[in-house]
2 protein chains.
Amino acid sequence: MNSQNIFENALKQNHISLTKPRQAVFDALQHHKSLSMAELVSACSDVDRASVYRTTDTFEKLGIIMRIPTGWKYRLELGEAFHEHHHHATCSSCGASIALPEDPALERRLQDLAHRRNFTLTSHQIELTGLCETCQ
Amino acid sequence: MNSQNIFENALKQNHISLTKPRQAVFDALQHHKSLSMAELVSACSDVDRASVYRTTDTFEKLGIIMRIPTGWKYRLELGEAFHEHHHHATCSSCGASIALPEDPALERRLQDLAHRRNFTLTSHQIELTGLCETCQ
DNA sequence: TGTTTTTTGCAAATGTGTCGCAATTTTTGC
DNA sequence: GCAAAAATTGCGACACATTTGCAAAAAACA
């Protein structure tokens, strides 16, 4: 089951048709891994800006993509079904974004934390800020 | 050492003068704890919008304030020197934001994670999303 | 106090996200 | 496969958010 199949199934199961703009948005994110909205718009060269926005909205509702807060903007990435769960470290000097591997112990700890406050956790984001190897 | 002193020292150490607009921004955040940019602007009634933006930028660089991502917007709060470190859980149904107590084990885990990638951690944000007690 | 540097307010420019609507594309029922 | 119905798109136009240039005001300095 490759990414394209997962993608097509997600759409089919929600009675949403696979159109050129939607494929373009998916392709851009699959290829570039992580994009700002502006980057995504220009990566989908012949898709209208409004359609990119509408597409990201529907994709997010379906879990096909995620919005990753970085600093105070956000970036877009394919959802968890398309790659392992991970977090990001952003270098405050050069702006590089480093993907961090999943840490099961960490995830458990978060579940605990939420549970203690009677909060039902559906998702979470962790954002580290600091200096990358080359900038420090 | 109260908040005002910490604030004044942070400015002094960076050769930045304490002006009316800057004090207004600081006061608003100290009083309201957590504000959106729009709220902050209207809370600083006779400070120009552009100055609020410029002030939040410089304050953020000095660590006087932090941007807290909530969903995909953000809110502004005083930095870590001004209150205990904590994180937020946002209810996806009613939008409530619940402050979570610090968890030292969690913080250690993050340090580890960053260290393993030769990343020098200066700060971090954790954002939980799910359902609060009343909404679930 | 007079001079230099920093900061501010204002106005204009740019960026980001949303909306209505007519045209196009896709789906559906035959 | 074809016509009607439904979904989706592109194209403005809009509202709001953020940044910028610049002259005036305030603060720092000597």
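All chains are named by letter (A, B, ...) in the order of the sequence lines, taking the proteins before the strands, and each is independently numbered beginning at 1.
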> In whole Å, what is the span from the CG atom of A/Leu76 to the C1' atom of C/dG17?
Replying inline: 13 Å
> Between atom CG in B/Leu62 and atom P in C/dT7, what is the gap in whole Å?
Replying inline: 11 Å
> Which of residues 27-44 of chain A sit near DNA chain C, with a heavy atom under 4.0 Å from it?
Replying inline: A/Met37
> Does any pair with a residue in residues 32-71 of chain B pass ring pair (Phe, Tyr, Trp, His ring centres under 6.0 Å), and if so which ones, sequence neighbours excluded?
Replying inline: B/Phe7-B/Phe59
>> Holding to side-chain contact (heavy atoms from CB on, under 4.5 Å), I want the full list of residues that pass it with B/Ala105, two or more places apart in sequence or in another chain.
In response: A/Arg109, B/Asp103, B/Arg108
> Residues two or more places apart in sequence or in another chain: which of them pass ring-ring contact (aromatic ring centres under 6.0 Å, His included) with A/His85?
Replying inline: A/His87, A/His124
> Over its full length, what angle do the end axes of the helix from C/dT1-D/dA30 to C/dC30-D/dG1 make, each axis taken from five pairs and the result rounded to 10 degrees?
Replying inline: 40°
>> Tell me which pairs pass salt bridge (Lys or Arg N to Asp or Glu O under 4.0 Å) where either residue lies in residues 5-14 of chain A, with sequence neighbours left out.
In response: none
> When every nucleotide of nucleotides 19-30 of chain D is labelled 5' to 3' by its protein contacts under 4.0 Å (heavy atoms), B for base, S for sugar-phosphate only, - for none, what sequence of letters results?
Replying inline: BBB-----SS--
>> Please determine whether a side-chain nitrogen or oxygen atom of B/Tyr74 lies at a distance below 4.0 Å from atom OP1 or OP2 of D/dA17.
In response: no
> Are B/Ile126 and B/Leu76 connected in a single hydrophobic cluster, I mean Ile/Leu/Val/Met/Phe/Trp/Tyr linked by side-chain heavy atoms less than 4.5 Å apart?
Replying inline: no
>> Once ring-ring contact (aromatic ring centres under 6.0 Å, His included) is applied, do any residues pair with B/His86, and if so which ones, sequence neighbours excluded?
In response: B/His83, B/His88
>> My understanding is that only residues two or more places apart in sequence, or in another chain, count here; which of them pass side-chain contact (heavy atoms from CB on, under 4.5 Å) with A/Thr120?
In response: B/Leu131, B/Gln136
> What residues form a side-chain contact (heavy atoms from CB on, under 4.5 Å) with A/Leu62, not counting sequence neighbours?
Replying inline: A/Leu11, A/Asn14, A/Ile16, A/Ile64
> D/dG10, D/dT9, C/dT8: which one has an atom nearest the side-chain heavy atoms of B/Ser51?
Replying inline: C/dT8
> Can you list the residues that meet the side-chain contact (heavy atoms from CB on, under 4.5 Å) rule with B/Asp57, with sequence neighbours excluded?
Replying inline: B/Arg67
> Could you give all pairs that pass the side chain to side chain donor-acceptor pair (under 3.5 Å) test and reach residues 21-31 of chain A, with sequence neighbours left out?
Replying inline: A/Ser3-A/Gln30, A/Gln4-A/Gln23, A/Gln23-A/Asp27
